[in-house]
There are 2 protein chains.
Amino acid sequence: MTRPTSRDVATAAGVSQATVSLVLGDKWRGRVSERTAALVREAATRLGYRPNLAARNLRLGSTRTALLVVPALTNEFFARVYTGAARIAAEHGFGVVLYPSPDGTGPARDPFASARAALDGVIASSMAAGALDAIGGAGLPLVMLDSDPTAGRAAAHVNLAMADGMRQTAEHLLGLGHRRVLHLASAVDTWTFDIRAEALAALLGPHAELRTTRSTLTVDGARTATERALTVPHDRPTAIVCDDDILAAGACKAARRLGLRIPEDLSVTGFDDLALATAVDPELTTVHLPAERVGEQGMTALLSVLDGTPWTAPDIPVHLVVRDSTGPAPA
Amino acid sequence: MTRPTSRDVATAAGVSQATVSLVLGDKWRGRVSERTAALVREAATRLGYRPNLAARNLRLGSTRTALLVVPALTNEFFARVYTGAARIAAEHGFGVVLYPSPDGTGPARDPFASARAALDGVIASSMAAGALDAIGGAGLPLVMLDSDPTAGRAAAHVNLAMADGMRQTAEHLLGLGHRRVLHLASAVDTWTFDIRAEALAALLGPHAELRTTRSTLTVDGARTATERALTVPHDRPTAIVCDDDILAAGACKAARRLGLRIPEDLSVTGFDDLALATAVDPELTTVHLPAERVGEQGMTALLSVLDGTPWTAPDIPVHLVVRDSTGPAPA
DNA sequence: CCACCGGGGTAATACGTATAACTTGACTCG
DNA sequence: CGAGTCAAGTTATACGTATTACCCCGGTGG
């Protein structure tokens, strides 16, 4: 009734436990005959043997498991980061366990209290500098995604070319003749949003009038913030650059509520290219972020670090996808 | 440099390893004096001791870890199921590892090959009957979410009152005077969608003309399917009941492309109440599914089963949220 | 004065695996 | 013919923890 162990397989095959371990671990070149190897394998499948991972992990001193820390899984972006990381992990016989970071409502303070599995390394995504401390405690190899490369003591960083995404957006809007732009920024104060604000200001400042308003990362928050920002006596912005597709969706709703047509009266751009971007009407012009690739590179970096070889790579390129929410500036 | 073990703590505190284990495991009532217990704890924190989970799991023969199998994490519904399950798990010192089911593109065939952590039980969500076999192999306690309770050999089932959700939708539309209804169903052939189709047909059939068209679970697929279904010579449906908010978003885009106003010319209802439902314009009338609660109850059920006590509970209630995408049937 | 008892701890062991070190017999080569 | 080599295994051990069974000693009742 209890699960068979490698010793059970050994007695069933008439060999020693060590031989079973050698055969099933594919380490028997020239150490075990083909015939007995076949015998062992047959016995293993017949008994339905599955190695006890806990025992193996203890013996090897490694679990081939990484912890991925993300702010929130319900955000499609992070779900895709996970997907990418898990794919690469699986290709290397690694597993990934998730930990929703303290930003969420989870009560667990200690990341490692909730992660029951022993861990080999940590990948942290889009974390504020402060949140890092709680994680770093264990002294595990750490890879940071989408965060300030000059801060923290991560072994590797994986970043998206956010500034370049803003450059493409700004050039697109300037090319369409927009000269009064509203930046709908996120109220969350992380590096990834700071960098966007900075880039946009530097690029647009010299050629256009740029205002900024902030909003929580929800459709409704963005709607009210936009309504407030658009109800000005004169010189209303002709374009809104949003830090996130979610904000852009809110901005569109605000515009429609104010009787403004998109893109005839107002252009709106997003960021991320979530499924949401093509679900709304009109479809959003937005900066596509290859989220899966972020996860893939993050895991690749961690594997490399665990291997002892330092890892570095250029920022992952992003590109603007022009859809129906942007058009020529109104006269 | 290497991580301290319980033995290191023992020598540092001047006691035996057994004592350390007793103190840190909170099993020392009357077996160890307060004074030495304090000594041990001090040494443990000073050395930064963290128990080796692999060793503990081996010793205890249990990992306090559950596997959650979901079709796709990028679907917000399953992300929320995970969130709920993880919360309950954390409250009981359990962990949750994810496995994206074979529906996804992941190459891993064996769920347990990718889940490096040893497992105590499995929770499977919205699985087709066939996909179960691959999972059941290991003979672990199994809880099924959102699946046919009469099939499979799960120890417990957690289901939503999908049929009742359809009843509320049907009554809402009938009350608004709709008599020609299109059911935009999912092409995915799972129990959860079958039950919806059945319920809708039974409820609407006697009072209205009901047609059905199927679509892949994407906005674009739904848009084209709807466009095709709506371009009929006469007796066009006045309402569309969608199996999913994603489909509803596609239906809305199709309507607008055909020059139909929502809800004046056409009513649309969704299912799930994803963030998408309030991001689109008009906001969707949809059946709210408490996804987190599904995850919570699933984990609760698994914990109960692991505890040896069978688990059963009534279906989780759902309710229709009336927003702006439904209105009186046009004359 | 001895048997007993209970508080305060310790020694020993097992969990299941991977692997280094050793054994054994057959065969080869000088 | 003896030393050496090689294939084919086996024995023994360690990973770090939790727990059972034991030990020691001071006090206490008879």
Side-chain angles (χ1 to χ4, degrees), chain A residues 1-41 43-44 47-65 93 112 116-120 138, chain B residues 1-41 43-44 47-65 93 112 116-120 138:
Chain A
M1 205 70 277
T2 175
R3 251 175 66 171
T5 75
S6 64
R7 213 173 307 266
D8 296 333
V9 175
T11 55
V15 297
S16 77
Q17 179 267 333
T19 306
V20 172
S21 186
L22 287 175
V23 171
L24 269 48
D26 252 7
K27 296 230 153 70
W28 55 286
R29 326 274 160 205
R31 315 205 5 89
V32 176
S33 73
E34 292 276 0
R35 220 174 55 82
T36 47
L39 235 60
V40 167
R41 275 192 291 260
L47 296 186
Y49 169 71
R50 288 176 174 282
N52 181 320
L53 276 316
R56 172 180 301 190
N57 290 341
L58 173 59
R59 174 68 231 249
L60 296 179
S62 142
T63 59
R64 301 183 80 78
T65 298
F112 304 97
R116 304 288 314 179
L119 301 169
D120 284 357
Chain B
M1 206 70 280
T2 174
R3 249 174 68 171
T5 76
S6 65
R7 213 172 306 265
D8 296 332
V9 176
T11 55
V15 298
S16 77
Q17 179 266 335
T19 305
V20 172
S21 187
L22 287 175
V23 171
L24 270 49
D26 253 6
K27 297 232 152 70
W28 55 285
R29 327 274 160 203
R31 315 207 2 92
V32 176
S33 73
E34 291 277 359
R35 222 174 54 83
T36 45
L39 237 62
V40 168
R41 275 192 291 259
L47 296 186
Y49 168 71
R50 289 177 172 282
N52 180 320
L53 276 315
R56 172 181 304 193
N57 291 341
L58 174 58
R59 174 67 232 248
L60 296 180
S62 143
T63 58
R64 300 182 82 76
T65 299
F112 304 97
R116 303 289 312 180
L119 302 169
D120 284 356

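All chains are named by letter (A, B, ...) in the order of the sequence lines, taking the proteins before the strands, and each is independently numbered beginning at 1.
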Can you tell if the side chain of A:Leu39 reaches within under 4.5 Å of the side chain of A:Val15, non-hydrogen atoms only? no
Looking only at heavy atoms, the pair that brings A:Thr5 and A:Tyr49 closest together is C-CE1, 3.4 Å
Nearest to the side chain of A:Ala18, heavy atoms from C-beta on, is which of D:dC15, D:dT17, C:dT19? C:dT19
Readout for nucleotides 4-9 of chain D: B = base within 4.0 Å of protein heavy atom, S = sugar-phosphate only, - = neither; 5' to 3' it is ----BB
Could you pull out every donor-acceptor pair under 3.5 Å between side chains of residues 17-28 of chain B and any protein atom, sequence neighbours left out?
from    : atom 1 : to      : atom 2 : distance (Å)
B:Gln17 : NE2    : B:Ser6  : OG     : 3.4
B:Thr19 : OG1    : B:Ser16 : OG     : 3.2

In this structure, how many angstroms lie between the C1' atom of C:dT17 and the CG atom of A:Asp8, rounded? 13 Å
Measure from CG on A:Asn52 to P on C:dC15 and round the result to the nearest Å. 11 Å
Should A:Asp120 and A:Thr65 count as side-chain neighbours, where that means a heavy-atom distance under 4.5 Å? no
Taken to the nearest whole Å, CG/A:Leu47 to P/C:dG16 is 15 Å
For D:dT17, does OP1 or OP2 lie under 4.0 Å from any side-chain N or O of B:Ser21? no
Heavy-atom count around B:Arg35 CZ within 6.0 Å, excluding the residue itself: above 12? no
Rounded to whole angstroms, how far apart are CZ on A:Arg7 and P on D:dT13? 14 Å
For B:Leu47 versus B:Ala12, what's the shortest heavy-atom pair and its separation? CD1-CB, 4.0 Å
Does A:Thr5 put a side-chain nitrogen or oxygen below 4.0 Å from OP1 or OP2 of C:dG16? no
Roughly, in whole Å, what's the span from CZ in B:Arg3 to P in D:dG16? 10 Å
Given atom CG of B:Asn57 and atom P of D:dA18, what is their separation to the nearest angstrom? 10 Å
Roughly how many Å is it from CH2 in B:Trp28 to P in C:dG9, rounded to a whole number? 11 Å
Smallest separation among heavy atoms of B:Ala37 and B:Val32, with atom names: N-CG1, 4.0 Å
Within this structure, what is the CG-to-C1' distance between B:Leu60 and D:dT19, rounded to whole angstrom? 10 Å
Phosphate oxygens OP1/OP2 of D:dA18: is one of them under 4.0 Å from a side-chain N or O of B:Lys27? no
